[in-house]
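Okay, so here's the structure we're looking at.
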Amino acid sequence: MGVGDKEGRRDETAELARRRGFIWSAFEVYGGAAGFYDYGPLGTLLKRRIEEKWRDFYRREGFYEIETTTIAPREIFESSGHLESFTDPAVRCKECKSIFRVDENLTVAVKCPECGGGLEASGEFHLMFQTRIGAGKDKGKGGSDEEAIKRSEGYLRPETAQGIFINFQRLLKFNRDKLPFGILQIGKAYRNEISPRQSLIRLREFTLAEVEVFVDPAADKNNHPRFEEVEDRMLSLVVPGADEAEEKSVEDAVSSGIIANEYLGYHIARVDEFLECIGLPRARLQFRQHQQDEMAHYAIDCWDAEFLSERYRWMEIVGIADRGDYDLSAHARSPNVNMHVHTESGEIIPHVIEPSYGIDRIIYALLESAFYEEQIGKEKRRVLRFKREIAPIQVAVFPLLNRDELKSKAVAVFRMLRDAAIAVEYDNSGSIGKRYRRQDEIGTPHCVTIDYETLEDNTVTVRERDTMNQVRVAVPELKDVLE
RNA sequence: GCGGCAAUAGUCUAGCGGUAGGACACGGGCUUCCCAAGCCUGUAACCCGGGUUCGAGCCCCGGUUGCCGCACCA
């Protein structure tokens, strides 16, 4: 935990992230727009490192990554159910201005349930961004103007998953008609949130990293070949109605029916493992099961990995859903769409297990949990304690003093490391202490300092971020020590 | 979307209806043999658009963004 009151610390994290080039709100010079953030140089490095870790993590599951479009024609979202569940007509009360979705229980004819005032139409909730594909009218295909306009409607994807589902048959062929198999996708998704707030927590444009695992419900769901690798892993689980998390092994949770099946349990455990491996403190993680009425239109069992933020309390960073055959069946209802797989037990529609990571929220969680303030003498030391592998800058190189003979040696060491593809910075400005502090603030795990002894015996000091300890290392061994 | 509050250098802030000031950060220089020391010096700001006024950073209106509450979060 950091030193100081929470109020102070909250602002410090966001302020540091902005000032040091991690993230800032988009379009600043034009006054900004809520729900959009840009990643600066260090934020982009951090994000790439997490994405690479993620790719590597799921590569080891034997999954392949694909990249599909971010815009899709209306039809896709009609089939997927998003159009219906994302864009309800809305009404607004003339008196109290409350907004309601129109459903069976509430039409324009009735009074405001809050205050009894009259209701007026208020457009629609378009949680999906709409756009037009092509010139608009398409009379060649016949039909009315209205139908032609409808055909030209496109939407920005609200999740990356649909791009995987609609390619199912090609992906199945790629996998030589065998189940199970998994497909990854990292990319932007868009939701036109009514009221985005909370920095990276609720964005209108954000990065999802999604895994869709297609399984044979009969053969696979309770028979994951690597379940034993994770079965003893302890998870913090919160079930509907419970106030607090309960520690349970994955095996216990599955065998007692808390987690719907072994396959889902396996992937929940892997999510937990991934979050730990990028450096989120396990004490601040839990898995919360959705209530029935809280689940998305596609899910049959769903768990959120939640991170305990000091500022926002428990927040969802990953959703792990058993989507059943919802998506493939939904698309299969369209003419000419076939989502069946021939197995030994006949024609089936596979089920989908889906871990879906909110990369921006994970980055927020990492920034917040890595931020520490320490009192060093009279000075405050601010440090981002990233795990070494995800730190944007791996090492900084300094000459102890700003003198030519030290500078030229320091630059030589700097270039050597840079040529070894290590993310390295050179700094000769200000006192040595000041340079250490600058690197602490952006989470650089090691600093290398060149002094007069270096000129004699070719050794340098390597200073470690968290302990501030120094060790003497020979330059040729530097690369190995840093890695 | 609604209501309340707010908006000044990169960051944090001071400011009277009449010359925008400080601290830190940053750049240049000096000093300095390992943790934001010191000295000199430089760059840098009134969210946007209207209005009132001889004159608006300050008052009024609208917008934008942020914070808090309500609603929303498939």
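Since we're looking at a predicted model, the values are computed, not measured. Reminder, nothing fancy here: chain letters follow the sequence lines and each chain counts from 1.
- Applying a 4.0 Å cut-off to non-hydrogen atoms, the residues of residues 200-209 of chain A that approach RNA chain B are R202(A), listed by residue number.
- Where S429(A) and G31(A) each meet RNA chain B at their nearest nucleotide, the meeting point lying more 5' is that of S429(A).
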Does F398(A) form a ring pair (Phe, Tyr, Trp, His ring centres under 6.0 Å) with Y436(A)? I'd like the steps, not just the answer. CA-CA 9 Å; F398(A) 315 137; Y436(A) 285 143; 5.6 Å; yes

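- Separating the P atom of C59(B) from that of A23(B) is a span of 27 Å, rounded to the nearest Å.
- To the nearest whole angstrom, the two P atoms, one in C30(B) and one in G66(B), are 45 Å apart.
- Closest approach to the A34(A) side chain among C34(B), G10(B), U65(B) is made by U65(B) (side chain taken as heavy atoms from C-beta onward).
- Residue-to-nucleotide proximity on RNA chain B shows that, of G430(A) and M468(A), the 5′-proximal contact is made by G430(A).
- Between R311(A) and E368(A) there is no salt bridge, since no side-chain N of the basic residue sits under 4.0 Å from a carboxylate O of the acidic one.
- Only K434(A), Y436(A), R437(A), R438(A), E441(A), listed by number, bring a heavy atom of residues 434-444 of chain A to less than 4.0 angstrom from any atom of RNA chain B.
- Candidate nucleotides C72(B), C12(B), C33(B) were compared by shortest atom distance to the side chain of E15(A), and C12(B) ranks first.
- The side chain of T461(A) has C34(B) as its nearest neighbour among C34(B), A37(B), C73(B).
- When side chains are defined from C-beta on, I186(A) counts as touching E65(A), because their heavy atoms get closer than 4.5 Å.
- With a 6.0 Å radius and a threshold of 12 heavy atoms from other residues, nucleotides or ligands, R415(A) has its CZ atom at or below the threshold.
- Nucleotides U53(B) and C58(B) have their P atoms positioned 16 Å apart, rounded to a whole Å.
- Residue contacts shown for E453(A) are absent, as no nucleic acid heavy atom lies under 4.0 Å away.
- Using a 4.0 Å heavy-atom distance criterion, R197(A) is classed as a base contact.
- Atom P of C68(B) sits at a distance of 16 Å from the matching atom of U13(B), rounded to the whole Å.
- OP1 or OP2 of C33(B) lies within a sub-4.0 Å distance of a side-chain N or O belonging to R403(A).
- Here C73(B) presents its P atom at 14 Å from NE2 of H82(A), a figure rounded to the nearest Å.
- Counting non-hydrogen atoms under 4.0 angstrom, S25(A) reaches nothing in the nucleic acid.
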